[in-house]
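Within every chain, numbering begins at 1; the chains are lettered A, B, ... in the order of the sequence lines, protein sequences first and strands thereafter. What you see is a predicted model; the values in this text were computed from it and never measured. Just the heavy atoms: all of them, side chains too, but no hydrogens, waters or symmetry mates, feed the values below.
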2 protein chains.
Amino acid sequence: MARALLEALRRRDVLADHVRTIADAEAMARIGTYDVLVLDRRLPDGEGLDLVAALRQRRHPVPILVLTALGTVDHRVDGLDSGADDYLAKPFAIEELLARLRALQRRGPALSDRYLSFGNLSVDPRSSEISIAGSLVEFPRREYLVLEALMRRPNRIVTRPNLIEAVYALEDEIGSNALDAHISRIRKKLLMAEATVEIRAVRNIGYLIRTKA
Amino acid sequence: MARALLEALRRRDVLADHVRTIADAEAMARIGTYDVLVLDRRLPDGEGLDLVAALRQRRHPVPILVLTALGTVDHRVDGLDSGADDYLAKPFAIEELLARLRALQRRGPALSDRYLSFGNLSVDPRSSEISIAGSLVEFPRREYLVLEALMRRPNRIVTRPNLIEAVYALEDEIGSNALDAHISRIRKKLLMAEATVEIRAVRNIGYLIRTKA
DNA sequence: CTGCGTGTAATGTAGCTGCAATCTTCGGCT
DNA sequence: AGCCGAAGATTGCAGCTACATTACACGCAG
């Protein structure tokens, strides 16, 4: 399958590389600069959509087309919502695939980043704006960064080191409860704005954001 | 058909406008700012793909999804190659359409050199002219460049390095608050002209332009 | 020469942010 | 169950830093 595709691409003077595993694909995406990534879902070392999600999480801008046998509407919706830009199910016409690749390449790499929303809270990483219950709420920089980091993984624990890294990118900062202080201030604002989410501490590990009981 | 779609979108709090003809669609695209354009092919006054081609010819950046009964592979290829970003044939599942619209909206508009307009401010990169509330306002070169860079990504943060790069293309220019000074002067002019947009600082990162509260 | 554009520097300022002191909560242990 | 220690929560405060603004000087163009 891959071989046939590579051959078709080569015949049209499209340069392409091929790898078999998610791990390799991730490495290639990290190093190389590609116009488009074509991805199957059922791969030797896992589910292709996990790679999509991982790349998007890191804000990797490469356009991604998922090409797979899993073709129900639900499959398609899942694929697109995981961050893929197009989804084509087998069987497919090679000409259509090529046209879709052209469309993706034409459009270029993404500039945008997904709106993060959870409960009645939504975060726009592009403008660093946060709205709660529909109205804009101002957050200072560091508080914003903490909240954004939490919102990138709602319902999941984000470790203290991760949070500190998110806020103090390179700068060194150790030995204080600065992070706790930020959390506290964020909580106060969430309360003020009547957010339906809350930040819970996970002892010895970190924090997570989740919907209020 | 259009009514059903509008209803489905409205139910999900997606704002949408609907027109019946190519002429109207063209007018709307020219005036308004839309995240995505959904287009049928067989329209009362012509072939939808002609509109796609016309918009692309003018470098219109809006993502376009063609939604039509014409669903052969050739139809699809033609649609995509005319400049559309996605092509969905009837019959289709509403959920898939919505997912595809999300994907397009996520990715955002293509870069372009057409009129940049936001709020009551508009910038013509070709002539380097700026109008506020309909009347032309003179900006010196450097101020113009800063404002254009911001207007290329309204509501998004533009980093200081990006801005500096935009203004001082090759020349070396470090160690001063020249950029801040420009921003300040631009702000003064925006105020004078009663612009409905404002420039906000994002601490430690850069600036962004957005509509005034 | 004059006027505008632009970089620099000085100065002002707001409000973020880290800290520490104190209080509260939680989990483990007997 | 109850106690204790440690982790987390909270809050006032003070220093500071990044940004804002203004004035000024230099340079180039008409």
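- Remark: side-chain polar atoms of Asp85(A) are not paired, donor with acceptor, to backbone N or O of Leu104(B) under 3.5 angstrom.
- Atom C1' of nucleotide dC19(C) and atom CZ of Arg142(A) are separated by 14 Å, given to the nearest angstrom.
- Using a distance-only test at 3.5 Å, with no hydrogens or angles considered, no donor-acceptor pair links the side chain of Arg126(A) to the main chain of Arg156(B).
- Contact of Asn177(A) with dT10(D) (side chain to base): a donor-acceptor pair of N or O atoms is detected under 3.5 Å.
- Look at CG on Leu191(A): it is 13 Å from C1' on dT10(D), rounded to the nearest Å.
- Checked by atom type, the side-chain pair Ser127(A)/Asn155(B) shows no donor-acceptor distance below 3.5 Å.
- Under the 3.5 Å distance criterion, with hydrogens and angles disregarded, a donor-acceptor pair is assigned to the side chains of Tyr87(B) and Arg41(B).
- In this structure, the CD1 atom of Ile183(B) is 16 Å from the P atom of dT8(C), given to the nearest Å.
- One can place CG of Leu145(A) at 13 Å from C1' of dT17(C), the figure rounded to the nearest angstrom.
- Rounded to a whole Å, the CZ atom of Arg141(A) is 11 Å from the P atom of dC19(D).
- Distance, Leu163(A) CG to dG8(D) P: 12 Å, rounded to whole Å.
- Residue Tyr168(B) places none of its side-chain N or O atoms closer than 4.0 Å to OP1 or OP2 of dT6(C).
- In this structure, Phe139(B) and Glu143(A) both approach DNA chain C, and ranking their closest nucleotides by distance from the 5' end singles out Phe139(B).
- Contact between the side-chain N/O atoms of Ser184(A) and the OP1/OP2 oxygens of dA9(D) is not found at any separation under 4.0 Å.
- Under 4.0 angstrom from either OP1 or OP2 of dT21(D) there lies at least one side-chain N or O belonging to Arg187(B).
- Sequence order on DNA chain C of the closest nucleotides to Ala181(B) and His182(A) puts Ala181(B) first from the 5' end.
- Contact between the side-chain N/O atoms of Lys188(B) and the OP1/OP2 oxygens of dT22(D) is found at a separation under 4.0 Å.
- If you measure from atom CD1 of Ile164(B) to atom C1' of dT8(C), you get 15 Å, rounded to the nearest angstrom.
- If Gly206(B) and Arg200(A) are placed on DNA chain D by their nearest nucleotide, the residue sitting closer to the 5' end is Arg200(A).
- Nearest-nucleotide positions on DNA chain D place Ile199(A) closer to the 5' end than the other of Ile199(A) and Tyr207(B).
- A salt bridge links Lys189(A) with Glu143(A); the closest basic N to acidic carboxylate O contact falls under 4.0 Å.
- Between the CD atom of Glu138(A) and the P atom of dG15(C) there is a distance of 11 Å, rounded to whole Å.
- Considering only side-chain atoms of Arg203(B), the nucleotide from dG18(C), dT6(C), dT17(D) that sits closest is dT17(D).
- Within 3.5 Å, a donor on the side chain of Arg185(B) pairs with an acceptor on the base of dG7(C), or the reverse.
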